[in-house]
Participant: 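Take a look at the following structure, please.
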Amino acid sequence: MLFRLHLSVSQQLSSSMDSLGLPSFNAVTFSHSNFHNEHRAKLLGKSKFNYFNSSMPPSPKLTSTSRCHRFHTRVTRMQAGDEDYDLKQVKDMAAAKRRWDSMIREGRVKILTPREAGYAIQLSNKTLLDVRPSVERKKAWIKGSTWIPIFEVDDASDIGNLSRKVTSFMMGGWWSGTPTLSFDNQFIPKVEEKFSKDTDLIVSCQRGLRSLAACEMLYNAGYRNLFWVQGGLEAAEEEDLVAEGPQPLKFAGIGGVSEFLGWTDQQRVVAAKEGWGYRLLFSARLFGVVIAADALFLGAQQLSHYFQDIRPH
């Protein structure tokens, strides 16, 4: 279960990478989440064991025991398929990591720390290409940076997308606040509109993985002067880069219930510096959540008793 929750942080990127011919980034470090629903949709849509749309005609002679056994068989096969798909995601991520390691080792992409990136921007007028989605960009950004997201929030309202969003939410999105993202297939054309192939580009995202994927795509498109910000903007200290926006750079990638309660690593670091005043704020929020949950529970009990009393005997 912990493994699945860990995967859910980045599962919204998997289907997008299929269209790129690149492995999906579901596995290790993204915070959250649509490969489960996509794979489950494939299973439900194509498998002859589809419980909702089976290609096998139902038999009216099946006993309840037989129906339970058949349903159990279908669920078992679906779970086995999910496990195989999870393993494939881990293997794909490992393959991507090997490619990226090779890309950096061979010097096709050069590494910069956030502080070095700040020096390069201020002293050498190099361009910072911010490839984060809008939900992170609007919280904090680097002054003078160019924003072209490689993944963006998926606002489509079709049935399939709504299903992905529900699955993403249930698999950990409620806790991390991670939205459902989709790959922008116009990413390279948008970069080419703004920058020539000989431009020095410092590529960054929030934590460093999406920017590595962007560097690989840019290199394959002909860009040769690429710099990758190791650890992403989240690794930057306040003095490293000139940041703008309503929140610190370190907070741009957090959200959901964990942010509201102050239970993220970034907020714990701030709490250690700010002292008890900062901690009390989130302690009060936690206390309020507990009181609200108790009130809802008691209210539900009272409603249940009320409906039982008015039910006709």
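These values consider heavy atoms only, across backbone and side chains, with no hydrogens, waters or symmetry-generated copies.
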Participant: Evaluate Tyr223 against Asp198 for side-chain contact (heavy atoms from CB on, under 4.5 Å), listing each step before the verdict.
Facilitator: CA-CA 6 Å; Tyr223 287 88; Asp198 59 353; over 6 Å; no

Participant: Rounded to the nearest 0.5 Å, how far apart are CD1 of Ile104 and CG of Leu226?
Facilitator: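 Between atom CD1 of Ile104 and atom CG of Leu226 there are 11.0 Å.
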
Participant: Membership question, hydrophobic clusters at under 4.5 Å side-chain separation (ILVMFWY): are Tyr219 and Trp100 in the same one?
Facilitator: yes

Participant: Return the minimal non-hydrogen interatomic distance between Gln247 and Ala140, and the atom names on each side.
Facilitator: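 For Gln247 versus Ala140, the nearest heavy atoms are O-CB, 3.2 Å.
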
Participant: Taking all atoms of both residues into account, what is the closest heavy-atom pair of Ile150 and Phe187, and its distance?
Facilitator: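 Scanning both residues completely, I find the closest heavy atoms to be CA-CD1, 3.8 Å.
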
Participant: Which is it for Glu216 and Met103 under the side-chain contact (heavy atoms from CB on, under 4.5 Å) test, yes or no, and what are the steps along the way?
Facilitator: CA-CA 8 Å; Glu216 183 178 24; Met103 182 174 64; 4.0 Å; yes

Participant: Hey, could you give me the CD1/CZ distance between Ile142 and Arg137, rounded to the nearest 0.5 Å?
Facilitator: 8.5 Å

Participant: Determine the sole option in Val191, Ile188, Val131 for which the side chain to side chain contact (heavy atoms under 4.5 Å, CB included) test with Met217 is passed.
Facilitator: Ile188

Participant: Would Arg210 count as a cation-pi partner of Phe151, with NZ or CZ less than 6.0 Å from the six-membered ring centre and within 45° of the ring normal?
Facilitator: no

Participant: Could you measure the distance from the CG atom of Asn225 to the CG atom of Leu218? Nearest 0.5 Å is fine.
Facilitator: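 Nearest 0.5 Å value for the CG-CG distance: 11.5 Å.
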
Participant: What distance separates Gln230 CD from Lys110 NZ, expressed to the nearest 0.5 Å?
Facilitator: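 Nearest 0.5 Å value for the CD-NZ distance: 15.0 Å.
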
Participant: In the single-linkage hydrophobic clustering (I, L, V, M, F, W, Y; side-chain heavy atoms under 4.5 Å), do Trp228 and Ile148 co-cluster?
Facilitator: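 Trp228 and Ile148: one cluster.
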
Participant: Would you say the side chains of Glu152 and Ser182 form a donor-acceptor pair under 3.5 Å?
Facilitator: no

Participant: Would you check if the side chain of Ser124 reaches a backbone N or O of Ile121 as a donor-acceptor pair within less than 3.5 Å?
Facilitator: no

Participant: Honestly curious: do Ile111 and Leu201 fall in one hydrophobic cluster under the side-chain, below-4.5 Å linking rule?
Facilitator: yes

Participant: Does Asp130 form a side-chain contact (heavy atoms from CB on, under 4.5 Å) with Ser204? I'd like the steps, not just the answer.
Facilitator: CA-CA 5 Å; Asp130 186 348; Ser204 183; 6.0 Å; no

Participant: Determine the minimum heavy-atom distance between Ala236 and Leu249, stating which atoms define it.
Facilitator: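 Smallest interatomic distance, heavy atoms only, reads CB-CD1, 4.4 Å.
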
Participant: Hey, what do you get for NZ (Lys250) to OG1 (Thr264), rounding to the nearest 0.5 Å?
Facilitator: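 Result: 11.5 Å between the selected atoms.
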
Participant: With the 4.5 Å side-chain cut-off for hydrophobic clustering, are Val229 and Phe227 part of the same group?
Facilitator: yes

Participant: Could you measure the distance from the CH2 atom of Trp141 to the CD atom of Glu136? Nearest 0.5 Å is fine.
Facilitator: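 Reported to 0.5 Å precision, the distance equals 14.0 Å.
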
Participant: State whether the side chain of Arg132 and the backbone N or O of Arg207 hold a donor-acceptor pair below 3.5 Å, judged by distance alone.
Facilitator: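 Such a contact is absent between Arg132 side chain and Arg207 backbone.
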
Participant: Could you report the tightest heavy-atom contact between Val203 and Ala214, atom names first, then the distance?
Facilitator: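 Reported closest heavy-atom pair: CG1-CB, 4.0 Å.
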
Participant: Would a 4.5 Å heavy-atom cut-off, applied to side chains only, mark Pro248 and Gln266 as touching?
Facilitator: no

